[in-house]
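Presented below is the structure to which this report refers.
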Amino acid sequence: MNALVISLISVGRKGLAVDVAVPGPDLALEDGLELGLGEVRVRGSLDAIDTEYLFRGHITGAYAGPCDRCLTECAAPFDYEVAWLFEEAEARREVAGAAGGDDVEIDAADDDRMFVFEGNELNLAVPVWEELVLQAPSKHLCRDDCRGLCAHCGADLNQGPCGCKRRNNGDGNKGLSSLADLFPDLRPSSPEE
Ligand SMILES: [Zn+2]
Ligand SMILES: [Zn+2]
């Protein structure tokens with residue numbers, strides 16, 4: 001049973017307060033897309049506006065997993081402010097037909113993200129998942145200036161210099177240092193003293 005499925009009968013005149021926490025993996029609507037989510041909390045209020053429903057609130061949680069650079073397990077917390085408009089599928093078709101175009105849809109969807117529901121239920125899991133996928137950071141880092149691992153010895157450079165650089169400048173491994181010339185991005189980023 002999905003806790004994010006809201007029965008519209010429970011939405012009163014003053015709206016419905018929503019505060020639901022779901023395990024991240026339960027939200028995944030697409031197979032194979034792993035966001036490394038822990039618990040995701042959805043808080044806000046759902047209000048009826050004529051035949052439509054407006055949800056305004058926050059999605060909070062954290063993306064978790066190994067840092068892209070140093071592989072340390074870390075979590076990147078998020079707090080997204082959201083506003084979604086839900087329109088009944090049948091009403092939407094009628095309005096679009098009567099207006100003879102899509103003017104109506106465009107001005108309603110200007111600021112709010114728009115979704116469609118059918119029957120007496122509305123599923124918040126769809127926009128929640130969409131939001132999380134859209135906003136997922138392209139890089140998962142333990143901190144913005146993570147120094148990553150030494151390309152030669154694998155030492156975590158956040159703990160301090162590993163000493164490889166000095167050795168490689170001497171009679172160290174020529175093969176590896178010429179490889180480093182081909183991939184300058186992989187060089188340790190600390191400036192030479
Ligand atoms: Zn890191
Ligand atoms: Zn090293």
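All residue numbers in this chain count up from 1 along the given sequence. Start at 1 and go down the list; that is how both ligands and their atoms are numbered. The analysis underlying the following values was restricted to heavy atoms, covering all of them including side chains, and did not include hydrogens, waters or symmetry mates.
Under 3.5 Å, the side chains of Asp68 and His140 contain no donor-acceptor pair of N or O atoms.
Within a radius of less than 2.8 Å around the Zn ion (ligand 1), the protein N, O or S atoms are Cys67 SG, Cys70 SG, Cys142 SG, Cys146 SG.
Exactly one residue among Ile6, Leu16, Val128, Val42 makes a side chain to side chain contact (heavy atoms under 4.5 Å, CB included) with Phe55. That residue is Val42. A side chain to side chain contact (heavy atoms under 4.5 Å, CB included) with Val82 is found for one member of Gln135, Glu130, Glu131 and no other, namely Glu131.
Taking the Zn ion (ligand 2) as the apex, the angle formed with SG of Cys164 and SG of Cys153 is 110°, to the nearest 10 degrees.
Note on Asp47 versus Arg56: salt bridge recorded, some NZ/NE/NH1/NH2 to OD/OE distance being below 4.0 Å.
The aromatic rings of Trp84 and Phe115 sit perpendicular, their planes meeting at an angle over 60°, well past the 30° parallel limit.
Of all heavy-atom pairs between Ala155 and Cys162, the closest is CB-CB, 3.7 Å.
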